[in-house]
Amino acid sequence: MKYVNEFAEQLHAVLQEELELDKIASLIEKPKYSNQGDLSFPCFSLAKIRKAAPQKIAQDISEKLHSPLFDKIEVMGGYLNVFLNQKAVSQEVVQEVLKEGSRYGRNNDGKEGVITIDMSSPNIAKPFSMGHLRSTVIGNALALIVEKNGYKPVKINHLGDWGTQFGKLITAYKLWGSEEKVRSNPIKELLELYVRFHEEAEKNPALEDEGRRWFKALEDGDQEATELWKWFREESLKEFEEIYQLLNVSFDSYAGEAFYNDKMDAVIEILDQKGLLTLSDSAYVVKLDEEELPPCLIRKSDGATLYATRDLAAAKYRKDHYDFVKSLYVVGNEQSLHFKQLKAVLSKMGYAWADDISHIPFGMMLKDGKKMSTRKGKIILLEKVLKETIDMALKIINERNPSLENKEEVAKQVGVGAVIFHDLKNYRMNDIEFSMEDMLRFEGETGPYVQYTHARACSLLRKGGYKPDASVDVALEGDSAWEVVKTLEEFPVIVRRALDKYDPSLIGKYAIDLAQSFNKYYGEVRILEEDSAKASRLALVHAVTIVLAESLRLVGLEAPQEM
Ligand code: ARG
């Protein structure tokens, strides 16, 4: 980036008023082939302004550019191609990485501003779905990226812990439930009770009334109902907690839907005062005709509030409580209408900060091309999946490196990392095919591949008797070393872009790029050869371990030193 800026400034000095500095910087690209140099400026926009041939313009400019960082400047067609001074740039980049360590790539764009991230948000008494997994890992990576860009992330688990289903669950539990069973296997047991309720209610509709009565009791604060609800919530959370621990994800707040029970009246009051409520089929709605959206349902005829009502209260609470500069919701794309309505209603209420709200949608997780669902009984329990990938990773480690000391620990880092990375190397809107074999491959674009590359680099440092020295004189030779340096140099730009686009896969792909360019270097160069450049090569390897570990960390993976 620095070199793009250097090039842009040089060009600006020559072009003066013809093009603005920002415009020039945005035009600079990477040449397609490395033999065409490192940076390229197309002269076609200038050709329009000057009404002259782009080649001629490129030639004119090239004669006026001088920088110690440029080795040579070539004119190719309408392009001005710069070859950077490899010695000077390598020295600068490697020294900077070594000096900064894991802080390399950090910036202070956020100036400590708060970004709230609504993520994970599973539903109590229901299995943790693949959608919740995606929300958890994407949200967690975003939080890390947010922090790297100088903002303060606040991770909020907006638990689905309220709604009429709890009346049904209480009814079912009182009729058929067993405390012991729920305690030993809460989610499976509660789900079975819930499914049974629906089966029996088909034959016996009076059960529905009973369910409604219990929900009403719950809303009115009835003691028995409240205690059961609390218990279901706690037991479910304990189970979710095990998944979060495996994934190494924590939250700043577990304020779920129920948290907003006493905060909705105030919001409904404001809607009413602003004349936004309309009675429709004896329910209150906010009409969104101008926005070309269906009306947003606020309160049903029996007085019950809805998912959207709770989200309105939550959005306002988050603004009042955290004073966010941005508020993100990492939720599947099937809820995009809901978030459009949410933003539209908040705008109508006169809140300018509605513009700072963004829905971060994502696609589905597929198994054999079909949606993985939680249909009756047929659930793929995530915890089981994670335990299986850990087992598989252990098996692979036992084959490849049987003498490794902390095998269990590394197997966990690799097995869980494989699942997370498999998600985060893909653009979030894409549907993903869930395949354990693919995830756990040590070659190809996988988490284990990047982790393994990192471990291999660490082992080189050990074998080479490397001693860190940030002021090392870096003398590197060859194209593959230069590719590694250029990839390292790109990292700060990728960190910014990943936040700008709310896209952790840019980091995932970057990690793969860096691992690939390093492995090429490793294959072509005798790194440990005892000659005068050995210290330089090891310094480069050290820089690679730092940036690989940091890119893995930003997508939520650990970087074992040995595996
Ligand atoms: N619990 C919801 C579900 O599983 C997701 C909640 C998302 N967050 C929100 N603020 N609406 O579908």
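Indexing begins at 1, ligand by ligand and atom by atom, following the structure's order.
- Using a 30° and 60° split on the angle between ring planes, His422 and Phe434 fall in the perpendicular class, above 60°.
- Annotation for His359 and Gln335: closest pair CE1-C, 4.0 Å, computed over non-hydrogen atoms.
- Near Tyr329, meaning under 4.0 Å from one of its heavy atoms, ligand 1 places the atoms 10 (N).
- Considering backbone and side-chain N/O atoms, His338 never comes within less than 3.5 Å of an N/O atom of ligand 1.
- The protein non-hydrogen atom at the shortest distance from atom 12 (O) of ligand 1 is Gln335 NE2, 3.0 Å.
- Looking only at distances, no side-chain donor or acceptor of Ser347 sits under 3.5 Å from a matching main-chain atom of Val345.
- In this structure, the ring of Tyr244 has its center less than 6.0 angstrom from the ring center of Phe251.
- Remark: ligand 1 and Tyr307 share an N or O pair separated by less than 3.5 Å (distance only, no angle test).
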Solution key, residues 506-513 side-chain donor-acceptor pairs under 3.5 Å, sequence neighbours excluded:
{"residue": "Lys509", "atom": "NZ", "partner": "Ser505", "partner atom": "OG", "Å": "3.4"}
{"residue": "Tyr510", "atom": "OH", "partner": "Thr487", "partner atom": "O", "Å": "2.7"}

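- Considering backbone and side-chain atoms alike, Asp118 places an N or O below 3.5 Å from some N or O of ligand 1.
- The single protein non-hydrogen atom nearest to atom 4 (O) of ligand 1 is His132 NE2, 2.8 Å, given as residue, atom name and distance.
- Residue-level proximity to ligand 1 for Phe339 is carried by the side chain, the only part with a heavy atom below 4.0 angstrom.
- Atoms of ligand 1 found under 4.0 Å from any heavy atom of Val331, numbered from 1 in the order shown, are 7 (C), 8 (N).
- For Asp311, every heavy-atom contact with ligand 1 shorter than 4.0 Å involves the side chain, none the backbone.
- Protein heavy atom in closest approach to atom 1 (N) of ligand 1: Asn123 OD1, 2.7 Å.
- Seen from the ring of Tyr351, Lys319 does not count as a face-on cation partner, given the 6.0 Å and 45° thresholds.
- A search for ring-ring contact (aromatic ring centres under 6.0 Å, His included) contacts involving His132 returns Phe128, not counting sequence neighbours.
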